[in-house]
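Everything on this sheet refers to the single structure shown next.
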2 protein chains.
Amino acid sequence: MDEQHRSGCPINLALEVVGDRWSLIVIRDIIFGNRRHFRDLLTHSEEGIASNILSSRLKTLLDEGIITRADDPTHKQKGVYSLTEKGIELLPVLAQLAAWGYKYLPVTEELGIRARLLHEGGPKLWAEFMDELREMHLGQKRKHKGPSVFAKLRAAYEAVVAKKKRK
Amino acid sequence: MDEQHRSGCPINLALEVVGDRWSLIVIRDIIFGNRRHFRDLLTHSEEGIASNILSSRLKTLLDEGIITRADDPTHKQKGVYSLTEKGIELLPVLAQLAAWGYKYLPVTEELGIRARLLHEGGPKLWAEFMDELREMHLGQKRKHKGPSVFAKLRAAYEAVVAKKKRK
DNA sequence: ACAACCAGTTGCAAAAAGCAATCACTTGGA
DNA sequence: TCCAAGTGATTGCTTTTTGCAACTGGTTGT
């Protein structure tokens, strides 16, 4: 059970934790979609994750201290997943990855809009977003004022979807 | 052969390309270790990559346009792998991943020093480094003057190794 | 009472990773 | 000239991970 690490390199260690095809997808949906329940992550998944894989990933992320799980008072079986600070700080990784994908890969318009805004906003916007995530997941009070980055990203996405529908 | 994408999300598309345990390790060794030959990547790998996996990853990275391969004039069988602009622009992703790993995972001192310097230098240092990489891999002339970031990172690493040896 | 909802688990097949040995060729030195 | 060392891989094999579909056992609302 004592997992041996391949090396003590930070990049390698990070890849051992989130270097697979699904972990960061789950984190992405928690961050940008605010999906907090198992079913929510399962059925709204753009990519169609299987339930056993989702289950296994959530377990790993729990073990690694990237997310936590709490009981939902409204439903005895429902669990609420929240990001830890360690999980929230994966946002810059996701942002850079998204920027790279947006620039070089065949991204669809509606799914690319968030990557664009995040890229244009830069580290300052990321920090604001992380501040909001700390409020949403850790119950800390927001430091920055003004409109929510989360809401702005969502609104931009909805606008693109609406525009495409009209055509 | 026409691979179907799981979705048009930039994060997902990026993960489909480099979201595995080895691709970014190879890129890391090319960038930070300046390893340009198959054998070089194979035998100096900190993590001990197997030859068939290295072979397969290099093929994928070639197909994706992240690296190119040229014949080495000094040896008919030797190939020289170089980064493309698309590959060079993975540096910010590596830097963020390294920063996260450095902060939260059991990184060894000698392998963590580069992550620390890269983090402290921030996007400005990354840009300088990418400028150097364009010189090393694409034959473009460097725009910025002054000491090489590549050399600084290497020197810092050597210094830590030397210090540990003395003890 | 019962259908819909919830968080998973199980069993099985396919794909990928990992390991050791081998291959076909090139180079440099005795 | 010959042969060891070096080159970039490939092959065959086992183990591990992924992916899919069906299922389980409990909860909630009507």
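Numbered from 1 within each chain, the chains take letters A, B, ... in sequence-line order. The shown structure was predicted, so the numbers you read here are calculated from the model rather than taken from an experiment.
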Side chain of Arg57(B), heavy atoms from C-beta onward: which of dG8(C), dC20(D), dA16(C) has the nearest atom to it? dA16(C)
When you measure only distances, ignoring hydrogens and angles, does the side chain of Ser56(A) come within 3.5 Å of the base of dT18(D) through a donor and an acceptor? no
Ile53(B) CD1 - dT14(D) C1' separation (whole Å): 13 Å
Smallest heavy-atom separation, Ile11(B) atom then Ala98(A) atom, equals CG1-CB, 3.7 Å
Can you tell whether the side chains of Arg28(B) and Glu47(B) come within less than 4.0 Å, N to carboxylate O? yes
Could you pull out every donor-acceptor pair under 3.5 Å between side chains of residues 109-118 of chain B and any protein atom, sequence neighbours left out?
| residue | atom | partner | partner atom | Å |
| --- | --- | --- | --- | --- |
| Glu109(B) | OE2 | Lys163(B) | NZ | 3.0 |
| Glu110(B) | OE1 | Lys164(B) | NZ | 3.3 |
| Arg116(B) | NE | Glu120(B) | OE2 | 3.2 |

Among dG18(C), dT18(D), dC6(C), find the nucleotide with the atom closest to the side chain of Arg39(A). dC6(C)
Please report the distance, rounded to the nearest Å, between CG in Asp71(B) and P in dT27(C). 11 Å
Quiz: residues 146-154 of chain A side-chain donor-acceptor pairs under 3.5 angstrom, not counting sequence neighbours:
| residue | atom | partner | partner atom | Å |
| --- | --- | --- | --- | --- |
| Ser148(A) | OG | Glu132(A) | OE1 | 3.0 |
| Ser148(A) | OG | Phe150(A) | N | 3.2 |
| Ser148(A) | OG | Ala151(A) | N | 2.9 |

Listed nucleotide nearest any side-chain atom of Lys78(A), set dA9(D), dG18(C), dC6(C): dC6(C)
What pairs of nitrogen or oxygen atoms, one from the protein and one from nucleotides 26-30 of chain D, lie under 3.5 Å apart?
| residue | atom | partner | partner atom | Å |
| --- | --- | --- | --- | --- |
| dG26(D) | N2 | Gln77(A) | OE1 | 3.0 |
| dG26(D) | N3 | Gln77(A) | OE1 | 3.1 |
| dT27(D) | O4' | Gln77(A) | OE1 | 3.3 |
| dT28(D) | OP1 | Lys76(A) | N | 2.8 |

Once you apply a heavy-atom cut-off of 4.0 Å, does Arg6(A) come out as touching a base, just sugar-phosphate, or nothing? nothing
So which nucleotide from dT9(C), dA17(C), dG8(D) ends up closest to the side chain of Ser55(A)? dT9(C)
Which residue lies toward the 5' end of DNA chain C, Asn52(B) or Ser51(A), if each is placed at its nearest nucleotide? Ser51(A)
Verdict with reasoning, Asn34(A) to Met136(A), per side chain to side chain contact (heavy atoms under 4.5 Å, CB included): CA-CA 9 Å; Asn34(A) 197 33; Met136(A) 298 162 74; 3.6 Å; yes
Taking the minimum atom-to-atom distance to the side chain of Tyr81(A), which one of dG18(C), dG8(C), dT18(D) wins? dG8(C)
